[in-house]
Amino acid sequence: MKLKLSLKGLFPILLAIIAVCAVLTIIKVNLEKPGNSQPHFLVMMKSMDPQIEFWKTFEAGIEAARKEFDVRIDMQGTENEFDVGGQIRKLEEALKSKPDAVILVAADYEALVPWAEKIRKQGIPLVIIDSGINSKVANSFIATDNIAAGRKMGDVLSKLVDPSKHIAIVSHVQGSSTAIQREQGARSGLSENFKNSVVGTYFSNGSQERAYEITKKLLSERGDIGGIAGLNEISTLGAAQAIKELGLKGQVKLVGFDSSKNEIKWIEEGVIQAVIIQKPFNMGYLGIKTAIEALRGNKVEPIIDTGSEIINIANMYTSENQKLLFPFSNP
């Protein structure tokens, strides 16, 4: 009888010891988990090339949102957007850290689909920015409406180029959604005079040097090229370099994308006639903000169009366009 009483008396003590051990274990796990007080977001870029000003501006938007929402950011990516396999390998490795949300700039329209689906199956919120994929699995897609932006480019070229001339398309990475959609938009935006006068498409593979070589060879061999559509910053800069070097400024009309310092300089010099600018700062900022909302379980917009504008020598100095050209302030 005494033994039974003894065990009965020890039972509450044993329960208390077990409870204390459980609490201590939880505390230990939480202390060992880095950045436990902050959400951990993986930002997977398709290019970390420091020479591309578009991505520098995008990163400024990410940083502004990081400070505002107190998020821990792990930003990774390949050196150039042509390395699709490299982006997939980096994404696979980074997912092992179990981020709370993923912001993805996809290097390829098809190849990243299985990975996007894997992320969502794991219950991780996914926001895709700038370059989409052939799937609607993401919580939200934030980007320029590239077909509409390309259409603006086609319309501008139609007004600038002699109808007897041809228009060449110098693009960036074959298979990326931005390249596909901008070309589609540019072709549809051309007037009837140019529907059968398009030369190309030529792909620079994310290299300014390659875009320069392509354009220089093309213009040296063909005197019937009156206009060039440069479908991203790198392609535009390479084409502009070739036009200037060959002394064809003003004779070959160049309409490009984005708004780097060199592009602005060449608009002022008359080498580039216009650029279609995007809003990469807003993309970065809204990417983090939208991921926060999705993580909290709030409804987010499935598609957010950040817009595009035509910038030329006539309107580049307006106060509104100066803000777009130098967008280092909160949206």
Shortest non-hydrogen separation from Ala101 to Ile124 and the atoms involved: CA-CG2, 3.7 Å

Plane angle bin for Tyr285 and Phe281 - parallel if under 30°, tilted between 30 and 60°, otherwise perpendicular: parallel

Common cluster, Leu237/Val271, ILVMFWY with side-chain heavy-atom separation under 4.5 Å: yes

Pairwise distance CD1(Ile225) to CG(Leu219) - rounded to 0.5 angstrom: 7.0 Å

Heavy-atom check, side chain of Leu254 versus side chain of Trp266, under 4.5 Å: no

By side-chain hydrogen bond (donor to acceptor under 3.5 Å, both in side chains) - contacts of Asp162 (at least two apart): Ser164

Hydrophobic cluster identity match, Ile264 and Ile272, side-chain contacts under 4.5 Å: yes

More than 12 heavy atoms from other groups under 6.0 Å of CD on Glu209: yes

Any side-chain heavy-atom pair of Ile228 and Ile243 under 4.5 Å: yes

Working for side chain to side chain contact (heavy atoms under 4.5 Å, CB included), residues Gln181 and Asp145: CA-CA 9 Å; Gln181 292 171 358; Asp145 182 335; over 6 Å; no

Least distance between heavy atoms, Met316 atom then Gln322 atom: O-NE2, 2.7 Å

Could you list the donor-acceptor pairs under 3.5 angstrom formed by side chains in residues 286-302, with sequence neighbours left out?
| unit_1 | atom_1 | unit_2 | atom_2 | d |
| --- | --- | --- | --- | --- |
| Thr290 | OG1 | Leu286 | O | 2.7 |
| Glu293 | OE1 | Asn298 | ND2 | 2.7 |

Distance, nearest 0.5 Å, that separates CD1 of Ile52 from CD of Gln208: 9.5 Å

Hydrophobic cluster identity match, Val102 and Ile73, side-chain contacts under 4.5 Å: no

Distance, nearest 0.5 Å, that separates OG of Ser176 from CD of Glu110: 12.0 Å

Partners meeting salt bridge (Lys or Arg N to Asp or Glu O under 4.0 Å) with Glu192 (sequence neighbours left out): none

Lys/Arg N to Asp/Glu carboxylate O, Lys121 vs Glu117, below 4.0 Å: no

Pairs where residues 235-252 contributes a residue and the test side-chain hydrogen bond (donor to acceptor under 3.5 Å, both in side chains) is met, not counting sequence neighbours: Ser204-Ser235, Tyr212-Glu245, Lys216-Glu245, Asn232-Ser235, Lys244-Glu269

Heavy atoms from other residues, nucleotides or ligands near CD1 of Ile313 exceed 12 (cutoff 6.0 Å): yes

Contacts of type salt bridge (Lys or Arg N to Asp or Glu O under 4.0 Å), residue Arg151, not counting sequence neighbours: none

Residue Lys217 excluded, over 12 heavy atoms near NZ under 6.0 Å: no

Under 3.5 Å: donor-acceptor pair, side chain of Lys98, backbone of Leu95: no

Common cluster, Ile62/Leu42, ILVMFWY with side-chain heavy-atom separation under 4.5 Å: no

Same apolar cluster: Leu126 and Ile103, side chain cutoff 4.5 Å: no

Exam field: side chain Asp130 to backbone Val105, donor-acceptor pair closer than 3.5 Å: no

Criterion side chain to side chain contact (heavy atoms under 4.5 Å, CB included) on Arg182 and His172, from CA distance to verdict: CA-CA 11 Å; Arg182 288 174 194 174; His172 38 300; 4.0 Å; yes

Residues that Lys67 engages under side-chain hydrogen bond (donor to acceptor under 3.5 Å, both in side chains), provided they are two or more places apart: none

Verdict with reasoning, Ile133 to Phe141, per side chain to side chain contact (heavy atoms under 4.5 Å, CB included): CA-CA 9 Å; Ile133 61 173; Phe141 175 47; over 6 Å; no

Side chain Lys46, main chain Phe82, donor-acceptor under 3.5 Å: no

Closest heavy-atom pair and its distance - Ala116, Val137: CB-CG1, 3.7 Å

Exceeds 12 heavy-atom contacts within 6.0 angstrom, atom CZ of Arg187: yes

Sequence-distant partners of Phe41, ring pair (Phe, Tyr, Trp, His ring centres under 6.0 Å), two or more places apart: none

Derivation of the side chain to side chain contact (heavy atoms under 4.5 Å, CB included) call for Ile88 and Leu91: CA-CA 5 Å; Ile88 290 173; Leu91 182 59; 5.6 Å; no

Side-chain heavy-atom pair Tyr202, Arg210 within 4.5 angstrom cut-off: no

Shortest non-hydrogen contact between Ala106 and Ser131, atoms and distance: O-CB, 3.1 Å

Straight-line distance of Ile234 CD1 to Phe54 CZ, nearest 0.5 Å: 12.0 Å

Over all atoms of both residues, closest heavy-atom pair of Asp258 and Ile277: O-CG2, 3.7 Å

Pair listing, side-chain hydrogen bond (donor to acceptor under 3.5 Å, both in side chains) test, anchored in residues 76-92, at least two apart: Asp74-Gln76

Short N-O contact, Arg66 and Glu63, less than 4.0 angstrom: yes

Transitive ILVMFWY cluster of Ile147, excluding itself - 4.5 Å side-chain cut-off: none

Side chain to side chain contact (heavy atoms under 4.5 Å, CB included), paired with Gln278, selected from Asn146, Thr306, Thr57: Asn146

Atom pair CD1/NZ of Ile128 and Lys136 - distance to nearest 0.5 Å: 13.0 Å

Asn312 side chain vs Gln273 backbone, donor-acceptor pair below 3.5 Å: no

Partner residues of Asp224 under the salt bridge (Lys or Arg N to Asp or Glu O under 4.0 Å) criterion, sequence neighbours left out: Arg222

Pairing residues for Glu233 by the salt bridge (Lys or Arg N to Asp or Glu O under 4.0 Å) criterion, not counting sequence neighbours: none

Fellow cluster residues of Leu157, listed by chain then number, with links counted only when side-chain atoms sit under 4.5 Å apart: Met153, Val156, Leu160, Val161, Ile167, Ile169, Leu190, Phe194, Val198, Leu231, Val255, Phe257, Ile276, Ile310

Interatomic spacing from CE in Met45 to CG in Leu104 - rounded to 0.5 Å: 10.5 Å

Distance-minimising heavy-atom pair for Ser259 and Leu325: CB-CD2, 3.5 Å

